[in-house]
J.: 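First the structure, then my questions, so here it is.
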Amino acid sequence: MSSYFTDLAQQYIDGEWRPGTGSWDIIDFNPYDNEKLASITIATADEVDAAYRAAERAQQQWAATNPYARRAVFEKALRLVEEREAEIGDAIVAELGGTRLKAAFELHLAKEFLREAVHLALRPEGRIIPSPADGKENRVYRVPVGVVGVISPFNFPFLLSLKSVAPALALGNGVVLKPHQNTPIVGGTLVAKILEDAGLPGGLLNVVVTDIAEIGDAFIEHPVPKVISFTGSDKVGRHVATVCAANFKRSVLELGGNSALVVLDDADVDYAVDAAVFSRFVHQGQVCMAANRVLVDRAVADEFTEKFVAKVRTLKAGDPRDPETVIGPVINSSQADAVSGVVEQALAEGATALVHGSVTDNLVEPSVLTGLPADSALLKQEVFGPVAFLVPFDGEEEAVRLVNDTPYGLSGAVHTADVERGVAFAKRIDTGMFHVNDGTVHDEPIVPFGGEKHSGIGRLNGDSMLDAFTTQKWISVQHGRSGFPF
């Protein structure tokens, strides 16, 4: 077992590793075999305050630091991730039940986002804007917001913590990170350790491992952070947004999805099957962009269904340490129960199970369901597990209506022999992202990432990071004298 789980099972506040002072511990379990990985005494609201105050103190000098010097920290962090890739991969497998394939996928993206953070340090630019007043010079400066609070999820914890933490720091902010309770090391203290070893000054990044049962809304209500970057469910996201608005904070919300992968009548069926199976079952379906629904034109439905079911049956479920495993465990028992409940509800509503996977502890095998009633609530909600709904349709108009018939609007994909037909289809879908002749699960460092409707507010990646983690300041200079009416 990685030494990370013994060495990093602490809070990281003001450049110091220290135990929390709460009255209970968060126990970090391996979701596959329930091995205890670590025990972390939780942080209290006082420690959240100490973390934010430390970030506030450290941030002003950091913002004044030459951006080329800030850049060097992220260059070093990238090298450290490359050097420690095997250990980090093992930690991803152990703490969140990610397969070897998933760990490699997450690490690849994490390195890409660190490379972008290197460039981001030099991205802010000011402007000179004309004035209607003679002799006036209008300068617009792009400045850090100050301190950013980051709340990261359990599914891609290393990537999705770094994705907000690294850009916020590169742009001159301080950060307090609250990782998910199921992934406190990979999503929290491991990120702090890498950046500490890369030379990030103490106090700039703080990690508090805690629970709302202990701190309530202290993390998001605190007066210091100006921006809260939250990745998680739309239910919690709604609460975060409400509290932020009441406290005059900006929130960046990357929330759930109910994406559809659409197979039109002229699609390459074999290719569409491969894309759909990956899009639904990568990391056990615990991905916000996963293809919950696979919509297939009736003209190709029989062929697609037969090939899709056959491919799903080949997916090996089991120990995520085995390189052959495609389906590892879901994150915890409540998630396993929730996924089982979805399958049971679908069958009770009249659906047919073309594949009905068994459930053993947290290991949930894939299920493929068809024949769900058109008005089923299951077709409108996010299912965070390895369950695919196959839905036939008649023609493009019906497909567009079905894809949009959900409160979510994150990702999606369409397969067709005619690329421009696919683009025209994509333009009609109310999502933040949509892909032609590909899967639904994509993230790239410089492309705006985010959703519409209940899938979130704001965008991350590339120039969108400037909007998320900096603000604009107008300073005017009057050369000469203004005239005043009195």
Side-chain angles (χ1 to χ4, degrees), residues 2 4 8 74 77-82 84-118 120 148 150-170 175 177-180 182-195 198 205 207 229-232 252-257 278-279 282-290 320 328 331 384 410-411 433 439-451 456 459-462 464-465 468-469:
S2 170
Y4 290 148
L8 302 181
F74 301 97
L78 175 59
R79 290 195 297 273
L80 291 175
V81 170
E82 290 171 337
R84 300 172 187 177
E85 198 159 339
E87 301 161 61
I88 298 170
D90 287 345
I92 289 171
V93 171
E95 190 172 55
L96 53 138
T99 62
R100 292 290 178 191
L101 180 72
K102 189 269 185 187
F105 183 58
E106 181 166 2
L107 277 161
H108 166 72
L109 280 174
K111 289 183 292 183
E112 289 296 317
F113 277 91
L114 275 171
R115 287 188 183 96
E116 173 61 10
V118 169
L120 208 55
V148 176
V150 177
I151 303 172
S152 65
F154 66 77
N155 57 343
F156 280 76
F158 188 64
L159 168 66
L160 294 179
S161 290
L162 272 175
K163 184 174 171 173
S164 285
V165 168
L169 289 168
V175 175
L177 167 63
K178 178 191 170 302
H180 194 279
N182 287 123
T183 50
I185 305 297
V186 172
T189 52
L190 175 56
V191 173
K193 176 63 175 167
I194 287 167
L195 287 166
L205 172 61
V207 177
S229 178
F230 171 81
T231 306
V252 181
L253 306 174
E254 299 291 342
L255 309 179
F278 175 81
S279 298
V282 62
H283 192 42
Q284 297 74 268
Q286 299 175 118
V287 184
C288 55
M289 296 170 280
I331 191 67
F384 225 56
L410 187 58
S411 185
M433 308 175 284
T440 62
V441 180
H442 295 283
D443 197 357
E444 296 180 9
I446 62 173
V447 178
F449 183 101
R459 296 290 185 269
L460 291 176
N461 304 0
S464 298
M465 295 299 197
F469 302 128

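Throughout, numbering of the chain's residues begins at 1 and tracks the sequence.
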J.: Evaluate Leu195 against Val165 for side chain to side chain contact (heavy atoms under 4.5 Å, CB included), listing each step before the verdict.
T.: CA-CA 10 Å; Leu195 287 166; Val165 168; 4.0 Å; yes
J.: When you look at CG of Leu101, are more than 12 heavy atoms from neighbouring residues, nucleotides or ligands closer to it than 6.0 Å?
T.: no
J.: For Phe154 and Leu96, which heavy atoms make the closest approach, and how far apart are they?
T.: O-CD1, 3.8 Å
J.: Can you name the salt bridge (Lys or Arg N to Asp or Glu O under 4.0 Å) partners of Glu95, sequence neighbours left out?
T.: none
J.: Which heavy atom in Ser279 sits nearest to a heavy atom in Val441, and how many Å separate them?
T.: O-CG2, 3.9 Å
J.: Examine distances only and state if a side-chain atom of Ser152 and a backbone atom of Leu160 form a donor-acceptor pair shorter than 3.5 Å.
T.: no
J.: Under 3.5 Å, side chain of Thr231 to main-chain N/O of Pro153, donor-acceptor pair present?
T.: no
J.: CG/Asn182 to CD1/Ile331 distance, rounded to the nearest 0.5 angstrom?
T.: 5.0 Å
J.: Is Lys178 close to Val150 at the side-chain level, that is, under 4.5 Å between some pair of heavy atoms?
T.: no
J.: Any side-chain heavy atom of Leu107 sitting closer than 4.5 Å to one from Ile92?
T.: yes
J.: What residues, two or more places apart in sequence or in another chain, satisfy salt bridge (Lys or Arg N to Asp or Glu O under 4.0 Å) together with Lys102?
T.: Glu106
J.: Checking Ser164 now: which residues fulfil side chain to side chain donor-acceptor pair (under 3.5 Å) with it, not counting sequence neighbours?
T.: Ser229
J.: Return the CZ to CD1 distance between Phe158 and Ile88, rounded to the nearest 0.5 Å.
T.: 4.0 Å
J.: For the rings on Phe156 and His283, is their centre-to-centre separation under 6.0 Å?
T.: yes
J.: With distance as the sole test, does Ser464 use its side chain to make a donor-acceptor pair with the main-chain N or O of Pro448 at under 3.5 Å?
T.: no
J.: How close do Ala198 and Ala77 get, heavy atom to heavy atom, and via which atoms?
T.: CB-N, 3.6 Å
J.: Could you go step by step and tell me if Val118 and Leu114 meet the side chain to side chain contact (heavy atoms under 4.5 Å, CB included) rule?
T.: CA-CA 6 Å; Val118 169; Leu114 275 171; 5.9 Å; no
J.: Tell me every residue that passes side chain to side chain donor-acceptor pair (under 3.5 Å) with His442, counting only those two or more places apart in sequence or in another chain.
T.: Asp438
J.: What distance do Asn155 atom CG and Gln284 atom CD have between them, rounded to the nearest 0.5 Å?
T.: 10.5 Å
J.: Run the salt-bridge test on Lys111 and Glu85 with the 4.0 Å N-O cut-off and return the result as yes or no.
T.: yes
J.: Could you state the interatomic distance from CG (Leu162) to CG (Leu109), rounded to the nearest 0.5 Å?
T.: 11.5 Å
J.: So, do Val93 and Arg100 sit near enough that their side-chain heavy atoms are less than 4.5 Å apart?
T.: yes
J.: Nearest heavy-atom pair of Val191 and Ser161: which atoms, and what distance?
T.: CG2-CB, 4.1 Å
J.: What are the two closest heavy atoms between Ala168 and Val175, and how far apart are they?
T.: CB-CG2, 3.7 Å
J.: Using every non-hydrogen atom in the two residues, find where Ala117 and Pro167 come nearest and quote the distance to one decimal.
T.: CB-N, 4.4 Å
J.: Could you give the distance from CZ (Phe278) to CZ (Phe105), rounded to the nearest 0.5 Å?
T.: 4.5 Å
J.: Could you tell me whether a side-chain N or O of Arg115 sits under 3.5 Å from a main-chain N or O of Ala110, the two making a donor and an acceptor?
T.: no
J.: Glu87: which residues meet the side chain to side chain donor-acceptor pair (under 3.5 Å) condition with it, sequence neighbours left out?
T.: Tyr4
J.: To the nearest 0.5 Å, what is the distance between CZ on Phe74 and CG on Leu169?
T.: 4.5 Å
J.: Please examine the side chains of Thr440 and Val287, heavy atoms only from C-beta on, and report whether any two atoms are closer than 4.5 Å.
T.: no
J.: Considering residues at least two apart in sequence or located in another chain, which fulfil the side chain to side chain donor-acceptor pair (under 3.5 Å) criterion with Arg79?
T.: none
